[in-house]
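In this text, all values refer to a predicted model and were calculated from it rather than measured experimentally.
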Amino acid sequence: MALNYKQIPYQTEWVEYPDIGKVGKEIGAKPTTPIPDGSGTLLWTCPMLVDPNHLDSNGKSTVLSDSPLIIKYLDEVYPEVKAIPDGTADLHNEWIAFIGQNVITKIASLVIPLCPNILSPRGQEYFVTTREKWWGPLEKMCPDRPKAWKEVQEGLDKVAQALDAKTEDGRENLRFIPGKVCYADFVLAASLLWAKSIVSKEELDALKSWNGGRWARVLEQDVAFQRVD
């Protein structure tokens with residue numbers, strides 16, 4: 001979404017789950033996330049960025065992993081349109097943590113058990129094997145979906161309150177910075193898109209209806225930035 005917003009031409013290369021680590025090593029990306037087994041070993045994750053327009057100290061394409069680092073880099077080397085406006089970095093960090101606590105972690109238990117449904121057979125086998133090693137049987141990850149969705153709804157209520165508090169009259173506000181697009185908006189939209197890509201139509205329709213249809217409007221407002229080139 002950020003690349004589209006910043007109008008930077010790019011080409012997406014899709015990588016299957018079993019190949020993410022291999023590709024990360026091959027292109028020279030750094031692993032980003034501790035494997036949740038207590039070992040301290042780091043895991044390669046997507047997205048990863050290869051920028052042939054800016055060379056590193058070895059004369060090779062700049063390679064980055066981890067979304068926050070990628071966004072910071074893109075704003076530094078392509079500053080014409082800032083995804084994180086000047087002076088808002090700390091506020092962005094606080095908002096990202098807020099969305100993580102109140103939305104992403106709550107949606108995860110609903111979405112992760114369904115992820116194999118949209119993967120190739122090879123990806124399914126890898127995903128189930130690794131995730132069940134970390135967390136146990138996926139089918140037991142969310143034993144009560146209505147209860148889990150209720151927690152998501154409560155989290156989104158907090159998000160709605162926080163957004164509306166940014167306006168002087170408390171009217172509905174869909175943006176982190178009222179009237180201006182920024183990376184914080186994409187973090188919220190991406191968490192909803194994650195659910196949209198996997199959960200049932202019935203569950204998605206319910207989510208989109210909450211708070212007077214606010215979350216449908218959040219998904220729709222930046223649809224132009226959701227394309228994948």
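- Taken together through direct or relayed side-chain contacts under 4.5 Å among Ile, Leu, Val, Met, Phe, Trp and Tyr, L193 and V228 form parts of separate hydrophobic clusters.
- The structure places OG of S197 at 11.0 Å from CG of L192, a figure rounded to the nearest 0.5 Å.
- If you chain together hydrophobic residues whose side chains sit under 4.5 Å apart, V218 and V223 never meet in one group.
- Between I107 and A195, the shortest heavy-atom distance links the atoms CG2-CB, 4.2 Å.
- Linking Ile, Leu, Val, Met, Phe, Trp and Tyr whenever their side-chain heavy atoms come within less than 4.5 Å leaves I96 and L69 in two separate clusters.
- In this structure, NZ on K60 lies 12.5 Å from CD1 on I27, to the nearest 0.5 angstrom.
- When the shell of 6.0 Å around NZ of K72 is examined, it contains 12 or fewer heavy atoms from other residues, nucleotides or ligands.
- Tested against D164, the residues R171, R214, K158 include a single salt bridge (charged side-chain N to carboxylate O under 4.0 Å, His left out) partner, R214.
- Using modelled atom types, no side-chain atom of K82 and backbone atom of D75 make a donor-acceptor pair closer than 3.5 Å.
- A donor-acceptor contact shorter than 3.5 Å is absent between the side chain of Q153 and the backbone of L207.
- Remark: R227 CZ to N4 CG distance equals 4.0 Å, nearest 0.5 Å.
- V111 places none of its side-chain heavy atoms less than 4.5 Å from the side chain of L114.
- Taken to the nearest 0.5 Å, the CD1 atom of I71 stands 10.5 Å off from the CE atom of M1.
- In the hydrophobic clustering of ILVMFWY residues, with side-chain heavy atoms under 4.5 Å counting as a link, Y17 and I35 come out together.
- For residues 188-209, the set of pairs meeting the salt bridge (charged side-chain N to carboxylate O under 4.0 Å, His left out) definition, not counting sequence neighbours, comprises R145-E203, K201-D205.
- Counting non-hydrogen atoms of neighbouring residues, nucleotides and ligands closer than 6.0 angstrom, the CH2 atom of W14 reaches no more than 12 such neighbours.
- Checking T32 against S65 by side-chain atom types alone, no donor-acceptor pair falls below 3.5 Å.
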Item to complete: Take I104 and I99 through the test side-chain contact (heavy atoms from CB on, under 4.5 Å) and record every step on the way to the result.
Response: CA-CA 6 Å; I104 297 174; I99 295 299; 4.1 Å; yes
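- In this structure, L43 and P31 have side chains that are not in contact, with every pair of non-hydrogen atoms separated by 4.5 Å or more.
- Put simply, the side chain of D185 gets close to the backbone of C182: a donor and an acceptor are under 3.5 Å apart.
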Worksheet item: Could you walk me through whether E220 and W215 pass the side-chain contact (heavy atoms from CB on, under 4.5 Å) check?
Response: CA-CA 9 Å; E220 292 165 1; W215 311 116; over 6 Å; no
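- Between atom CH2 of residue W149 and atom CG of residue D144 there is a gap of 13.5 Å, rounded to the nearest 0.5 Å.
- Closest of all the heavy-atom pairs between P113 and A108 is CD-O, 4.0 Å.
- Using a 4.5 Å cut-off on side-chain heavy atoms (C-beta onward), L156 and N102 make no contact.
- Although no hydrogens or angles enter the test, the distance criterion places a donor-acceptor pair under 3.5 Å between the side chain of W44 and the main chain of A29.
- Nearest heavy-atom pair, S61 versus D56, reported as atom, atom and distance to 0.1 Å: O-OD2, 3.9 Å.
- Applying the under-4.5 Å side-chain rule to Ile, Leu, Val, Met, Phe, Trp and Tyr, the cluster around L64 extends to L3, I8, Y10, L49, I70, Y73, L74, V77, Y78.
- Residues I20 and M48 are in side-chain contact: their nearest non-hydrogen atoms beyond the backbone lie under 4.5 Å apart.
- In this structure, OG on S200 lies 10.0 Å from CG on L110, to the nearest 0.5 angstrom.
- Other residues, nucleotides and ligands contribute over 12 non-hydrogen atoms within 6.0 Å of the CD atom of E139.
- Aromatic ring pairs are classed by plane angle as parallel below 30°, tilted from 30° to 60° and perpendicular above 60°; the pair F98 and W95 is tilted.
- Proximity of L163 to L174: side-chain heavy atoms (C-beta onward) are nowhere separated by under 4.5 Å.
- The main-chain N or O of M141 is never found under 3.5 Å from a side-chain atom of S109 such that the two would form a donor-acceptor pair.
- Proximity of L138 to F127: side-chain heavy atoms (C-beta onward) are separated by under 4.5 Å at one or more points.
- When every heavy atom of K106 is checked against every heavy atom of E151, the shortest pair comes out as CD-O, 3.2 Å.
- Considering L91, I177, V181 in turn, I177 is the only one that fulfils the side chain to side chain contact (heavy atoms under 4.5 Å, CB included) rule with P85.
- When every heavy atom of P137 is checked against every heavy atom of E132, the shortest pair comes out as CA-OE2, 3.5 Å.
- Heavy-atom contacts from other residues, nucleotides or ligands closer than 6.0 Å to CG of N53 number more than 12.
- Proximity of F176 to V187: side-chain heavy atoms (C-beta onward) are nowhere separated by under 4.5 Å.
- Pairing each heavy atom of E125 with each of T129, the nearest pair is O-OG1, 2.7 Å.
- When atom types are taken as modelled, the side chain of Q226 and the backbone of L219 share a donor-acceptor pair closer than 3.5 angstrom.
- D222 contributes no side-chain N or O that, together with a main-chain N or O of F186, makes up a donor-acceptor pair within less than 3.5 Å.
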